[in-house]
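One structure is given below, encoded as structure tokens.
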Amino acid sequence: MPPPGADVSVGAGTTYESVLLVLKVAFLVLLYLFVWRVVRTAGRDMRLPQESFILRPGGALTGGAIGQAIQSGRLVVTHSPVIDEGMEYRLDSAAVTIGRAEQNDVAIDGDEFASARHARVEPRRDGVWVHDLGSTNGTFVNGVRIDRPRKLVNGDVVRAGETELRFEE
């Protein structure tokens with residue numbers, strides 16, 4: 001009970017309750033946005049083509065459970081500031097990496113627009129795929145920047161930095 005003559009106001013209590021109500025609403029909005037983002041990301045991942053890599057008991061990479069061989073081909077340099085045009089890189093069961101670092105299969109050391117580990121070309125049973133490895137300037141297939149793995153078809157031109165490689169089956 002307040003002392004006699006004290007001013008009793010309800011303004012301080014209602015302001016405190018209003019702030020709490022606003023914080024509760026903001027928390028719920030953020031929670032719903034988080035759940036929506038998780039569901040959206042999970043849905044997008046389910047739409048992407050997924051790779052199933054099942055080996056037969058022998059573990060050979062040349063044929064799978066259904067006897068399908070890994071696709072092969074070659075990459076031919078069509079333009080590069082550091083590699084001779086016409087140079088070929090064979091694609092077999094191993095992935096080929098492209099980048100400025102010397103440990104890459106296609107080392108483009110003098111290409112200023114290429115990243116150290118720029119892209120990977122990976123032969124699989126369902127075709128040959130190119131992946132951007134988080135490069136700064138991006139990897140392009142036929143002039144279009146890729147943001148996810150892309151399957152190559154005969155004649156596609158892959159550009160990493162200023163180096164262009166044509167895929168041939």
Side-chain angles (χ1 to χ4, degrees), residues 30-169:
L30 287 174
L31 181 65
Y32 282 119
L33 285 174
F34 174 75
V35 170
W36 174 75
R37 179 82 177 207
V38 168
V39 169
R40 193 179 95 193
T41 302
R44 182 180 303 138
D45 288 345
M46 294 191 65
R47 285 192 305 265
L48 288 176
Q50 299 294 319
E51 176 185 357
S52 175
F53 192 73
I54 301 172
L55 295 177
R56 60 188 167 112
L61 292 176
T62 57
I66 58 174
Q68 186 179 5
I70 289 181
Q71 298 291 320
S72 63
R74 62 186 177 165
L75 294 172
V76 179
V77 177
T78 58
H79 173 75
S80 177
V82 293
I83 303 174
D84 295 332
E85 289 184 21
M87 178 99 173
E88 294 183 8
Y89 296 92
R90 303 292 290 150
L91 299 171
D92 51 19
S93 61
V96 172
T97 57
I98 304 168
R100 251 188 4 249
E102 287 186 26
Q103 67 265 25
N104 290 299
D105 301 305
V106 180
I108 47 179
D109 188 21
D111 192 336
E112 298 173 2
F113 295 98
S115 296
R117 286 185 43 85
H118 197 98
R120 180 177 72 233
V121 178
E122 184 178 353
R124 301 184 195 165
R125 286 183 176 83
D126 62 342
V128 176
W129 293 75
V130 62
H131 306 255
D132 181 71
L133 299 176
S135 62
T136 304
N137 293 321
T139 301
F140 294 80
V141 176
N142 299 327
V144 178
R145 186 174 184 154
I146 61 171
D147 58 355
R148 62 178 57 137
R150 175 163 172 186
K151 186 176 180 180
L152 295 176
V153 297
N154 193 31
D156 278 350
V157 176
V158 177
R159 189 177 85 217
E162 290 183 309
T163 301
E164 293 182 353
L165 305 141
R166 183 179 60 246
F167 171 68
E168 295 178 357
E169 292 180 338

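The residues of the chain are indexed from 1 along the displayed sequence. Please read all numbers here as calculations on a predicted model, not as lab measurements.
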Applying salt bridge (Lys or Arg N to Asp or Glu O under 4.0 Å), name anything that partners Glu112, two or more places apart in sequence or on another chain.
none
If we ignore hydrogens and angles and just use 3.5 Å, is the side chain of Asn142 paired with the main-chain N or O of Asp156 as donor and acceptor?
no
Roughly how far apart are Ile98 CD1 and Leu133 CG, rounded to 0.5 Å?
9.0 Å
Once rounded to the nearest 0.5 Å, what's the spacing between atom OH of Tyr89 and atom CG of Leu165?
7.5 Å
According to the salt bridge (charged side-chain N to carboxylate O under 4.0 Å, His left out) rule, which pairs have a member within residues 80-89, sequence neighbours left out?
Arg74-Glu88
Quick check: does any side chain N or O of Thr97 sit under 3.5 Å from a backbone N or O of Asn104, one acting as donor and the other as acceptor?
no
Nearest 0.5 Å, what's the OG1-CZ distance between Thr139 and Arg145?
8.0 Å
Of all the heavy-atom pairs spanning Trp129 and Lys151, show the shortest one and how long it is.
CE3-N, 3.3 Å
So, taking the atom named CZ in Arg90 and the one named CG in Leu75, what distance separates them when rounded to the nearest 0.5 Å?
10.5 Å
Please give me the minimum heavy-atom distance between His131 and Pro149, naming the atom from each residue.
ND1-CG, 3.2 Å
Closer than 3.5 angstrom, by distance alone: can the side chain of Asp111 be matched with the main-chain N or O of Gly161 as a donor-acceptor pair?
no
If the condition is side chain to side chain donor-acceptor pair (under 3.5 Å), which residues does Ser80 pass it with, not counting sequence neighbours?
Thr163
List the atom of Gly155, the atom of Arg166, and the distance in Å for their closest heavy-atom pair.
O-CG, 3.9 Å
I need the Ile108 CD1 to Ile83 CD1 distance, nearest 0.5 Å.
6.0 Å
Test Leu91 against Val96 for side chain to side chain contact (heavy atoms under 4.5 Å, CB included), laying out the working first.
CA-CA 7 Å; Leu91 299 171; Val96 172; 3.4 Å; yes
Does atom CD (Gln103) have a neighbourhood of more than 12 heavy atoms from anything else shown, all under 6.0 Å?
yes
Looking at every heavy atom in both Ile146 and Asp132, which two are closest together, and how far apart are they?
CD1-N, 4.1 Å
Partners passing salt bridge (Lys or Arg N to Asp or Glu O under 4.0 Å) against Arg150 (at least two apart in sequence or in another chain):
none
If you take all heavy atoms of His118 and Ala160, which pair is closest and at what distance?
CD2-CB, 3.3 Å
Only counting residues at least two apart or in another chain, list the ones meeting salt bridge (Lys or Arg N to Asp or Glu O under 4.0 Å) with Arg120.
Glu122
Within a strict 4.5 Å, meaning less than it, do heavy atoms of the Phe167 and Val128 side chains meet?
yes
For Ala94, enumerate each residue passing the side-chain contact (heavy atoms from CB on, under 4.5 Å) test, keeping only those at least two apart in sequence or located in another chain.
Asp92
Nearest 0.5 Å, please: how far is CH2 in Trp36 from CG in Leu33?
7.5 Å
Main-chain N/O of Glu164 paired to Thr78 side chain as donor or acceptor, under 3.5 Å:
yes
Decide yes or no for Glu168 and Asn154: does some side-chain heavy atom of the first lie under 4.5 Å from some side-chain heavy atom of the second?
yes
Between Ala101 and Ala107, which heavy-atom pair has the shortest distance, and what is it?
O-CB, 3.9 Å
So with a 6.0 Å cut-off around CZ of Phe140, is the heavy-atom count from everything else above 12?
yes
